[in-house]
Amino acid sequence: MVMRSRRLEDLFGARLDDMNYQDIKGLVGNPEAAEAEDLDYKRAHYGPDDKGREELAEDVAALANHRGGVLVLGMAEAKGVPSRVFDVDLDDHHLRRIRQVVANNTAPPVPYEAICVANPDAEGTGFLLLAVPRSPAAPHAVTASPSKDVLRYPRAQGARLTGSPKRWWPPPTGPGTQQQPPAISGWPMWKATSFCQS
């Protein structure tokens, strides 16, 4: 089941899983579609290096720990407003890598849905939406490098996820909480759904 957000559905003019390429492309230059606590644009896929893995883990955890939201890969922004389309590859390799990064670098792993919105004029490319619902299992920690030994709990704050500081929750403490989460294998199953055509 795809994440629902009345604000984002009103902005996009459709449910996330019903959007087409022109719906998203039409956001270019629209100040009402500016980045917010529940919406972030990425020009390209997250990098395969430690910095890219950490940024992806932080972004999905911040959304899950707050109100939920959508990461739109394939759209550049200028001052938070979508400014130019840069189609990303919608291949299985990138989807598997995102799934692996989220599973291995967040604790408990953040559930999300990958929604491919293909460019009808360029096969295998388009927009990749990562829809992250607000999580009942929050807070989700980031365990990615450079500080694998320290758990960090990001939360979306302010108008943007990237470019402004994320708020970091302290680790949960007190009666009935754990100082450190159990091993990932001890956590309940998480869900990463893909709505992409292969």
Side-chain angles (χ1 to χ4, degrees), residues 2-49 51-64 66-99 101-102 110 112-134 154 156-166 192-197:
V2 175
M3 182 195 96
R4 301 291 308 264
S5 165
R6 175 172 282 154
R7 189 189 92 75
L8 293 176
E9 289 174 6
D10 288 346
L11 174 68
F12 294 142
R15 283 178 46 138
L16 294 176
D17 56 341
D18 289 335
M19 292 181 62
N20 65 45
Y21 187 82
Q22 293 303 322
D23 291 334
I24 302 172
K25 185 178 179 182
L27 299 175
V28 171
N30 181 353
E32 292 180 16
E35 291 182 325
E37 291 178 338
D38 60 352
L39 179 62
D40 198 13
Y41 300 105
K42 301 293 178 186
R43 177 179 174 162
H45 281 287
Y46 290 87
D49 58 353
K51 182 178 178 186
R53 286 189 293 273
E54 182 178 27
E55 184 181 355
L56 173 56
E58 285 178 3
D59 286 350
V60 296
L63 290 172
H66 193 49
R67 296 189 316 197
V70 176
L71 299 167
V72 179
L73 282 65
M75 178 74 80
E77 53 82 18
K79 297 182 181 176
V81 176
S83 61
R84 187 169 172 201
V85 172
F86 286 92
D87 289 345
V88 296
D89 290 332
L90 300 177
D91 59 13
D92 197 43
H93 164 77
H94 285 94
L95 296 172
R96 280 193 317 262
R97 192 178 68 74
I98 290 169
R99 186 171 36 247
V101 168
V102 172
V110 173
Y112 72 93
E113 296 157 313
I115 303 168
C116 295
V117 183
N119 181 342
D121 300 324
E123 188 175 328
T125 67
F127 297 106
L128 178 60
L129 310 180
L130 300 180
V132 182
R134 180 179 186 171
Q157 176 178 323
R160 299 171 64 189
L161 288 175
T162 305
S164 65
K166 293 178 186 72
T193 307
S194 178
F195 292 93
C196 299
Q197 304 279 334

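These numbers were taken from a predicted model, which means no experiment stands behind them.
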Enumerate donor-acceptor pairs with a distance under 3.5 Å from any side-chain N or O in residues 23-31 to protein atoms, sequence neighbours excluded.
{"from": "D23", "atom 1": "OD2", "to": "N20", "atom 2": "N", "distance (Å)": "3.0"}
{"from": "N30", "atom 1": "OD1", "to": "E32", "atom 2": "N", "distance (Å)": "2.8"}

Minimum heavy-atom separation for [X] to [Y], with atom names?
X	Y	result
L63	D38	CD2-CA, 4.1 Å
E58	P154	O-CG, 3.7 Å
S5	M3	CB-CE, 4.0 Å
Y112	R99	OH-CA, 3.1 Å

*asked:* V60 vs L71, test: side chain to side chain contact (heavy atoms under 4.5 Å, CB included). Steps then yes/no.
replied: CA-CA 8 Å; V60 296; L71 299 167; 3.9 Å; yes
*By salt bridge (Lys or Arg N to Asp or Glu O under 4.0 Å), which residues pair with R43, not counting sequence neighbours?*
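Not a single residue meets the salt bridge (Lys or Arg N to Asp or Glu O under 4.0 Å) criterion with R43.
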*Test applied, side-chain contact (heavy atoms from CB on, under 4.5 Å); reference residue, L129; option that passes from V117, L73, L8*: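 Output: one option passes, namely V117.
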How would you list, by chain and number, every residue that makes a side-chain hydrogen bond (donor to acceptor under 3.5 Å, both in side chains) with [X], sequence neighbours excluded?
X	result
H45	none
R67	none
R53	D50

Rounded distance [0.5 Å steps], [atom1] in [X] versus [atom2] in [Y]:
X	Y	atom1	atom2	value
Y41	E77	OH	CD	9.5 Å
E54	Y46	CD	OH	12.0 Å
L95	L128	CG	CG	6.0 Å

*So do V102 and L56 actually touch side chain to side chain, heavy atoms under 4.5 Å?*
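The answer is yes, as the side chains (C-beta and beyond) meet within the 4.5 Å cut-off.
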_Residue pairs involving residues 114-125 (criterion salt bridge (Lys or Arg N to Asp or Glu O under 4.0 Å); sequence neighbours excluded)_ =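 Residue pairs passing salt bridge (Lys or Arg N to Asp or Glu O under 4.0 Å), neighbours aside: none found.
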*Step by step, would you call H66 with R134 a side chain to side chain contact (heavy atoms under 4.5 Å, CB included)?*
CA-CA 6 Å; H66 193 49; R134 180 179 186 171; over 6 Å; no
Name every donor-acceptor pair, under 3.5 Å, that has one atom in a side chain of residues 81-90 and the other anywhere in the protein, sequence neighbours excluded.
{"from": "S83", "atom 1": "OG", "to": "A76", "atom 2": "O", "distance (Å)": "3.4"}
{"from": "D87", "atom 1": "OD1", "to": "Y21", "atom 2": "OH", "distance (Å)": "2.7"}
{"from": "D87", "atom 1": "OD2", "to": "Y21", "atom 2": "OH", "distance (Å)": "3.2"}
{"from": "D87", "atom 1": "OD2", "to": "N119", "atom 2": "ND2", "distance (Å)": "2.7"}

*Run the salt-bridge test on E55 and K42 with the 4.0 Å N-O cut-off and return the result as yes or no.*
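Salt bridge present between E55 and K42.
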*Please test R15 against D17 for salt bridge (Lys or Arg N to Asp or Glu O under 4.0 Å), starting from the C-alpha separation and ending with a verdict.*
CA-CA 6 Å; R15 283 178 46 138; D17 56 341; 3.1 Å; yes
*Before giving the answer on side chain to side chain contact (heavy atoms under 4.5 Å, CB included), spell out for I98 and L130 the whole-Å C-alpha distance, their side-chain angles and the decisive distance to 0.1 Å.*
CA-CA 10 Å; I98 290 169; L130 300 180; 4.2 Å; yes
